[in-house]
Amino acid sequence: MAFTAQDVKALREKTGVGMMECKKALTEANGDMDKAIDFLRERGLAAAQKKAARIAAEGVVLSYADAEAKKGVVIEVNSETDFVAKNEKFVNFVTDCAKTVIATGVSTVEELAEAEYMGTGRTVTETLNDLILAIGENMKIRRFEVMDGVVSTYVHGGGSVGVMIGFDVADDAKAADPAFDEMGKNVAMQIAAMNPAYLDEASVPAEVIEHEQGILAAQMKEDPKMASKPEAVLVKIAAGKMGKYYKENCLVEQEFVRSDLFQGSVNGYIADVAKKLGTEIKATGFIRMTRGEGLEKRQENFAEEIAKQING
(Lines give C-alpha, C1' and ligand atoms only; values in the text may rest on other atoms or scores of the structure.)
Protein backbone atom coordinates (compact mmCIF):
# COMPACT_ATOMS: atom_id res chain seq x y z
CA MET A 1 0.00 0.00 0.00
CA ALA A 2 1.46 3.34 -1.04
CA PHE A 3 1.49 6.40 1.22
CA THR A 4 1.79 10.13 0.67
CA ALA A 5 3.55 13.04 2.32
CA GLN A 6 0.21 13.89 3.95
CA ASP A 7 0.17 10.42 5.53
CA VAL A 8 3.62 11.04 6.98
CA LYS A 9 2.47 14.39 8.33
CA ALA A 10 -0.68 12.84 9.83
CA LEU A 11 1.37 10.13 11.55
CA ARG A 12 3.70 12.75 12.96
CA GLU A 13 0.76 14.73 14.35
CA LYS A 14 -0.69 11.61 15.97
CA THR A 15 2.56 10.43 17.55
CA GLY A 16 4.84 13.46 17.85
CA VAL A 17 7.65 11.41 16.28
CA GLY A 18 10.10 12.85 13.71
CA MET A 19 9.28 12.86 9.99
CA MET A 20 11.98 10.35 9.02
CA GLU A 21 10.86 7.90 11.70
CA CYS A 22 7.26 8.28 10.54
CA LYS A 23 8.25 7.65 6.94
CA LYS A 24 10.17 4.53 7.97
CA ALA A 25 7.22 3.29 10.03
CA LEU A 26 4.80 3.70 7.12
CA THR A 27 7.24 1.90 4.83
CA GLU A 28 7.50 -1.00 7.28
CA ALA A 29 3.70 -1.05 7.62
CA ASN A 30 3.07 -0.82 3.85
CA GLY A 31 1.18 2.43 4.37
CA ASP A 32 -1.18 1.09 7.05
CA MET A 33 -1.57 3.92 9.58
CA ASP A 34 -2.57 1.73 12.56
CA LYS A 35 0.28 -0.70 11.95
CA ALA A 36 2.68 2.22 11.61
CA ILE A 37 1.55 3.57 14.98
CA ASP A 38 2.06 0.12 16.52
CA PHE A 39 5.51 -0.05 14.94
CA LEU A 40 6.48 3.28 16.50
CA ARG A 41 5.09 2.23 19.86
CA GLU A 42 7.10 -0.97 19.73
CA ARG A 43 10.20 1.03 18.90
CA GLY A 44 9.24 3.51 21.59
CA LEU A 45 9.26 0.77 24.18
CA ALA A 46 12.70 -0.34 23.02
CA ALA A 47 13.93 3.25 23.03
CA ALA A 48 12.60 3.75 26.53
CA GLN A 49 14.51 0.68 27.74
CA LYS A 50 17.73 1.98 26.18
CA LYS A 51 17.27 5.41 27.72
CA ALA A 52 16.32 4.08 31.15
CA ALA A 53 19.97 4.01 32.25
CA ARG A 54 20.38 7.71 31.63
CA ILE A 55 20.24 10.00 34.65
CA ALA A 56 16.97 11.92 34.88
CA ALA A 57 17.26 14.50 37.65
CA GLU A 58 15.58 17.46 35.99
CA GLY A 59 11.88 17.71 35.19
CA VAL A 60 9.10 19.29 37.22
CA VAL A 61 7.29 19.08 40.51
CA LEU A 62 3.61 19.88 40.07
CA SER A 63 0.95 20.62 42.70
CA TYR A 64 -2.61 19.96 41.57
CA ALA A 65 -5.87 20.25 43.49
CA ASP A 66 -9.39 19.13 42.63
CA ALA A 67 -11.78 21.23 44.71
CA GLU A 68 -14.80 19.10 43.79
CA ALA A 69 -13.09 15.84 44.76
CA LYS A 70 -11.50 17.51 47.80
CA LYS A 71 -8.14 16.01 46.95
CA GLY A 72 -4.75 17.32 46.01
CA VAL A 73 -1.53 15.77 44.77
CA VAL A 74 2.10 16.81 44.53
CA ILE A 75 3.94 14.81 41.87
CA GLU A 76 7.50 14.75 40.53
CA VAL A 77 8.28 13.54 37.02
CA ASN A 78 11.91 13.64 35.96
CA SER A 79 13.61 14.23 32.62
CA GLU A 80 17.27 14.42 31.61
CA THR A 81 17.36 18.15 30.87
CA ASP A 82 15.56 21.25 32.07
CA PHE A 83 14.88 22.07 28.41
CA VAL A 84 12.47 19.13 28.16
CA ALA A 85 10.89 20.17 31.46
CA LYS A 86 9.60 23.25 29.64
CA ASN A 87 8.13 21.19 26.78
CA GLU A 88 4.35 21.63 26.62
CA LYS A 89 3.72 17.94 25.96
CA PHE A 90 5.84 16.98 28.96
CA VAL A 91 4.08 19.46 31.28
CA ASN A 92 0.67 18.29 30.03
CA PHE A 93 1.67 14.68 30.72
CA VAL A 94 2.66 15.54 34.31
CA THR A 95 -0.63 17.39 34.83
CA ASP A 96 -2.61 14.46 33.45
CA CYS A 97 -0.69 12.07 35.71
CA ALA A 98 -1.77 14.17 38.71
CA LYS A 99 -5.37 14.05 37.49
CA THR A 100 -5.08 10.30 37.02
CA VAL A 101 -3.89 9.86 40.61
CA ILE A 102 -6.98 11.66 41.88
CA ALA A 103 -9.39 9.96 39.48
CA THR A 104 -8.16 6.41 40.10
CA GLY A 105 -7.18 6.59 43.76
CA VAL A 106 -3.81 4.88 43.19
CA SER A 107 -1.36 5.12 46.08
CA THR A 108 1.97 4.07 44.58
CA VAL A 109 4.04 4.90 41.49
CA GLU A 110 3.73 1.25 40.43
CA GLU A 111 -0.06 1.42 40.56
CA LEU A 112 -0.05 4.71 38.64
CA ALA A 113 2.15 3.17 35.93
CA GLU A 114 -0.51 0.52 35.26
CA ALA A 115 -3.51 2.86 35.56
CA GLU A 116 -5.48 3.95 32.51
CA TYR A 117 -4.29 7.30 31.19
CA MET A 118 -7.11 9.85 30.91
CA GLY A 119 -9.69 7.53 29.37
CA THR A 120 -7.46 6.62 26.42
CA GLY A 121 -7.60 2.86 26.97
CA ARG A 122 -3.81 2.86 27.35
CA THR A 123 -1.73 2.78 30.49
CA VAL A 124 0.32 5.62 31.91
CA THR A 125 3.48 3.62 31.12
CA GLU A 126 2.50 3.15 27.47
CA THR A 127 1.80 6.87 27.17
CA LEU A 128 5.11 7.70 28.83
CA ASN A 129 6.97 5.44 26.41
CA ASP A 130 5.37 7.27 23.49
CA LEU A 131 6.52 10.55 24.99
CA ILE A 132 10.05 9.24 25.46
CA LEU A 133 10.15 8.27 21.80
CA ALA A 134 8.73 11.60 20.66
CA ILE A 135 11.04 13.78 22.78
CA GLY A 136 14.11 11.55 22.85
CA GLU A 137 14.96 11.64 26.55
CA ASN A 138 14.63 9.32 29.49
CA MET A 139 11.72 10.29 31.73
CA LYS A 140 10.31 8.69 34.83
CA ILE A 141 7.58 9.25 37.36
CA ARG A 142 9.52 9.42 40.59
CA ARG A 143 7.01 10.03 43.38
CA PHE A 144 3.74 11.61 44.42
CA GLU A 145 1.86 12.38 47.62
CA VAL A 146 -1.86 12.84 48.07
CA MET A 147 -3.77 14.99 50.56
CA ASP A 148 -7.51 14.84 51.24
CA GLY A 149 -9.74 17.77 52.16
CA VAL A 150 -9.47 21.48 51.49
CA VAL A 151 -6.02 22.17 50.03
CA SER A 152 -4.10 25.06 48.55
CA THR A 153 -1.17 24.65 46.16
CA TYR A 154 1.80 26.58 44.86
CA VAL A 155 4.50 25.76 42.31
CA HIS A 156 7.71 27.76 42.37
CA GLY A 157 10.29 28.40 39.68
CA GLY A 158 8.69 26.52 36.83
CA GLY A 159 8.43 23.32 38.83
CA SER A 160 11.53 23.46 41.03
CA VAL A 161 9.42 23.28 44.20
CA GLY A 162 5.84 22.11 44.64
CA VAL A 163 3.82 22.79 47.79
CA MET A 164 0.43 21.71 49.06
CA ILE A 165 -1.13 22.68 52.38
CA GLY A 166 -4.30 21.35 53.95
CA PHE A 167 -6.83 23.34 55.95
CA ASP A 168 -9.72 22.53 58.26
CA VAL A 169 -12.42 25.13 57.53
CA ALA A 170 -15.42 25.33 59.88
CA ASP A 171 -17.64 26.67 57.08
CA ASP A 172 -16.82 24.78 53.87
CA ALA A 173 -18.49 27.46 51.75
CA LYS A 174 -15.83 29.94 52.82
CA ALA A 175 -13.15 27.80 51.13
CA ALA A 176 -14.51 29.03 47.79
CA ASP A 177 -14.00 32.68 48.73
CA PRO A 178 -11.20 34.47 46.81
CA ALA A 179 -9.82 35.73 50.14
CA PHE A 180 -9.33 32.13 51.23
CA ASP A 181 -7.63 31.28 47.93
CA GLU A 182 -5.23 34.17 48.40
CA MET A 183 -4.48 33.17 51.98
CA GLY A 184 -3.85 29.54 51.02
CA LYS A 185 -1.49 30.51 48.23
CA ASN A 186 0.40 32.93 50.49
CA VAL A 187 0.92 30.27 53.15
CA ALA A 188 1.99 27.77 50.48
CA MET A 189 4.51 30.35 49.23
CA GLN A 190 5.77 30.71 52.82
CA ILE A 191 6.43 26.96 52.87
CA ALA A 192 8.29 27.13 49.55
CA ALA A 193 10.44 30.04 50.72
CA MET A 194 11.12 29.14 54.36
CA ASN A 195 11.09 25.34 54.16
CA PRO A 196 9.69 24.62 57.65
CA ALA A 197 10.45 21.17 59.05
CA TYR A 198 7.16 20.78 60.93
CA LEU A 199 3.61 22.13 60.97
CA ASP A 200 3.54 23.17 64.64
CA GLU A 201 5.12 22.56 68.03
CA ALA A 202 3.02 19.43 68.59
CA SER A 203 4.39 17.93 65.36
CA VAL A 204 8.03 18.02 66.51
CA PRO A 205 9.13 14.49 67.54
CA ALA A 206 10.12 14.02 71.19
CA GLU A 207 13.62 12.85 70.22
CA VAL A 208 14.19 16.06 68.23
CA ILE A 209 13.12 18.20 71.18
CA GLU A 210 15.40 16.23 73.50
CA HIS A 211 18.30 16.61 71.09
CA GLU A 212 17.82 20.37 70.71
CA GLN A 213 17.46 20.85 74.46
CA GLY A 214 20.69 18.89 74.93
CA ILE A 215 22.50 21.25 72.56
CA LEU A 216 21.15 24.30 74.38
CA ALA A 217 22.16 22.85 77.75
CA ALA A 218 25.68 22.16 76.44
CA GLN A 219 25.94 25.72 75.14
CA MET A 220 24.92 27.10 78.52
CA LYS A 221 27.62 25.04 80.23
CA GLU A 222 30.15 27.05 78.25
CA ASP A 223 28.72 30.26 79.73
CA PRO A 224 30.59 31.11 83.00
CA LYS A 225 27.38 32.49 84.50
CA MET A 226 25.57 29.19 83.88
CA ALA A 227 28.36 26.67 84.44
CA SER A 228 27.74 26.36 88.19
CA LYS A 229 24.03 25.63 87.86
CA PRO A 230 22.80 22.04 88.34
CA GLU A 231 22.11 19.91 85.24
CA ALA A 232 18.38 19.77 85.98
CA VAL A 233 18.20 23.56 86.09
CA LEU A 234 20.04 23.88 82.80
CA VAL A 235 17.64 21.45 81.15
CA LYS A 236 14.68 23.45 82.43
CA ILE A 237 16.15 26.70 81.12
CA ALA A 238 16.89 24.99 77.81
CA ALA A 239 13.24 23.94 77.54
CA GLY A 240 12.27 27.57 77.94
CA LYS A 241 14.62 28.55 75.15
CA MET A 242 13.01 26.16 72.66
CA GLY A 243 10.69 28.92 71.53
CA LYS A 244 13.29 30.16 69.09
CA TYR A 245 13.62 26.68 67.57
CA TYR A 246 9.84 26.40 67.12
CA LYS A 247 9.67 29.86 65.57
CA GLU A 248 12.31 28.95 63.00
CA ASN A 249 11.22 25.38 62.20
CA CYS A 250 7.44 25.20 62.68
CA LEU A 251 5.26 26.68 59.93
CA VAL A 252 2.53 28.25 62.05
CA GLU A 253 5.10 29.71 64.47
CA GLN A 254 7.22 31.29 61.74
CA GLU A 255 7.15 35.02 61.09
CA PHE A 256 4.88 35.60 58.10
CA VAL A 257 7.13 36.71 55.23
CA ARG A 258 4.50 38.89 53.55
CA SER A 259 4.75 41.64 56.16
CA ASP A 260 3.03 43.95 53.69
CA LEU A 261 -0.14 41.92 54.27
CA PHE A 262 0.20 40.98 57.93
CA GLN A 263 2.77 41.46 60.66
CA GLY A 264 3.05 38.50 62.97
CA SER A 265 3.13 34.71 62.77
CA VAL A 266 1.69 32.53 60.04
CA ASN A 267 -0.87 31.30 62.55
CA GLY A 268 -1.81 34.91 63.25
CA TYR A 269 -2.23 35.58 59.54
CA ILE A 270 -4.51 32.56 59.09
CA ALA A 271 -6.58 33.61 62.11
CA ASP A 272 -6.85 37.17 60.77
CA VAL A 273 -8.19 35.97 57.41
CA ALA A 274 -10.55 33.54 59.16
CA LYS A 275 -11.97 36.37 61.27
CA LYS A 276 -12.58 38.50 58.18
CA LEU A 277 -14.34 35.56 56.52
CA GLY A 278 -16.43 34.87 59.62
CA THR A 279 -15.24 31.31 60.15
CA GLU A 280 -12.47 29.26 61.76
CA ILE A 281 -9.50 27.99 59.76
CA LYS A 282 -6.71 25.72 60.92
CA ALA A 283 -3.70 24.46 58.97
CA THR A 284 -3.64 20.66 59.22
CA GLY A 285 -0.50 19.64 57.33
CA PHE A 286 1.67 20.32 54.32
CA ILE A 287 3.81 18.69 51.67
CA ARG A 288 6.89 20.36 50.18
CA MET A 289 8.67 18.58 47.32
CA THR A 290 11.88 19.75 45.64
CA ARG A 291 12.76 18.66 42.11
CA GLY A 292 15.66 16.22 41.89
CA GLU A 293 16.10 16.11 45.67
CA GLY A 294 18.54 13.30 46.48
CA LEU A 295 19.15 12.39 42.83
CA GLU A 296 22.51 12.39 41.08
CA LYS A 297 22.74 15.08 38.44
CA ARG A 298 24.29 14.77 35.00
CA GLN A 299 27.94 15.77 35.32
CA GLU A 300 27.85 17.86 32.17
CA ASN A 301 25.12 19.97 33.73
CA PHE A 302 27.49 21.00 36.49
CA ALA A 303 30.00 22.15 33.86
CA GLU A 304 27.29 24.11 32.06
CA GLU A 305 26.15 25.74 35.30
CA ILE A 306 29.72 26.75 36.19
CA ALA A 307 30.30 28.14 32.69
CA LYS A 308 27.11 30.20 32.96
CA GLN A 309 28.27 31.63 36.29
CA ILE A 310 31.71 32.50 34.91
CA ASN A 311 30.20 34.14 31.85
CA GLY A 312 27.84 36.16 34.02
Side-chain angles (χ1 to χ4, degrees), residues 41 44-80 84-85 87 89-135 137-156 159-167 188 191-192 195 197-199 203 205 284-297:
R41 285 178 178 166
L45 182 58
Q49 290 172 339
K50 287 180 181 179
K51 292 179 176 68
R54 296 184 189 173
I55 296 171
E58 298 297 335
V60 298
V61 175
L62 177 82
S63 303
Y64 176 82
D66 186 325
E68 187 175 338
K70 283 195 172 183
K71 280 183 180 292
V73 58
V74 183
I75 185 169
E76 179 180 7
V77 181
N78 297 122
S79 60
E80 292 182 54
V84 167
N87 182 291
K89 288 184 179 179
F90 177 77
V91 174
N92 288 342
F93 172 76
V94 179
T95 303
D96 287 344
C97 281
K99 291 178 179 179
T100 300
V101 169
I102 292 175
T104 61
V106 296
S107 58
T108 67
V109 171
E110 291 74 21
E111 289 174 354
L112 175 59
E114 296 304 315
E116 183 180 1
Y117 181 79
M118 301 298 291
T120 61
R122 307 184 67 243
T123 67
V124 169
T125 293
E126 289 171 333
T127 307
L128 177 60
N129 285 333
D130 286 349
L131 191 62
I132 290 171
L133 177 61
I135 295 179
E137 276 196 18
N138 183 27
M139 302 169 205
K140 57 181 65 177
I141 302 168
R142 184 188 181 196
R143 53 181 174 165
F144 66 83
E145 291 189 50
V146 177
M147 187 177 283
D148 294 322
V150 177
V151 300
S152 294
T153 62
Y154 172 68
V155 177
H156 180 73
S160 60
V161 177
V163 174
M164 179 164 60
I165 177 167
F167 294 99
I191 296 166
N195 193 15
Y198 310 101
L199 174 67
S203 304
T284 57
F286 68 86
I287 296 166
R288 184 185 188 277
M289 199 175 284
T290 303
R291 177 184 62 205
E293 188 174 26
L295 291 176
E296 179 189 0
K297 292 189 72 176

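Side chains are part of it too, since the values below use all heavy atoms of this structure and drop only hydrogens, waters and symmetry mates.
In this structure D148 satisfies the side chain to side chain contact (heavy atoms under 4.5 Å, CB included) test together with K71, V146, sequence neighbours excluded. Partners of S203 by side-chain hydrogen bond (donor to acceptor under 3.5 Å, both in side chains), not counting sequence neighbours, listed by chain and number: D200. Applying the salt bridge (Lys or Arg N to Asp or Glu O under 4.0 Å) test to E110 and every residue at least two apart in sequence or in another chain returns nothing. With sequence neighbours left out, A188 forms a side chain to side chain contact (heavy atoms under 4.5 Å, CB included) with Y154, V163, I165. Not counting sequence neighbours, the partners of V155 by the side chain to side chain contact (heavy atoms under 4.5 Å, CB included) test are S63. Evaluation of the side chain to side chain contact (heavy atoms under 4.5 Å, CB included) rule for E145 yields I287, M289 as partners, not counting sequence neighbours. Annotation: side-chain hydrogen bond (donor to acceptor under 3.5 Å, both in side chains) contacts of T104 (sequence neighbours excluded): none. When the salt bridge (Lys or Arg N to Asp or Glu O under 4.0 Å) test is applied to D66, no partner is found at least two apart in sequence or on another chain. Not counting sequence neighbours, F90 has no partner by the ring-ring contact (aromatic ring centres under 6.0 Å, His included) test.
Side-chain atoms of T153 never come within 3.5 Å of backbone atoms of A65 as a donor-acceptor pair (strictly under, hydrogens ignored). Remark: the backbone N or O of E80 is paired with a side-chain donor or acceptor of E137 at under 3.5 angstrom. At distances below 3.5 Å, not a single donor-acceptor pair connects side-chain atoms of E58 with backbone N or O atoms of S79.
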The test is side-chain contact (heavy atoms from CB on, under 4.5 Å); show your working for F93 and T127 and say whether it passes.
CA-CA 9 Å; F93 172 76; T127 307; 4.1 Å; yes

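For residues 91-100, every residue pair satisfying the side chain to side chain donor-acceptor pair (under 3.5 Å) rule, not counting sequence neighbours, is listed here: D96-Y117.
A heavy-atom distance below 4.5 Å is not found between the side chains of V74 and F286.
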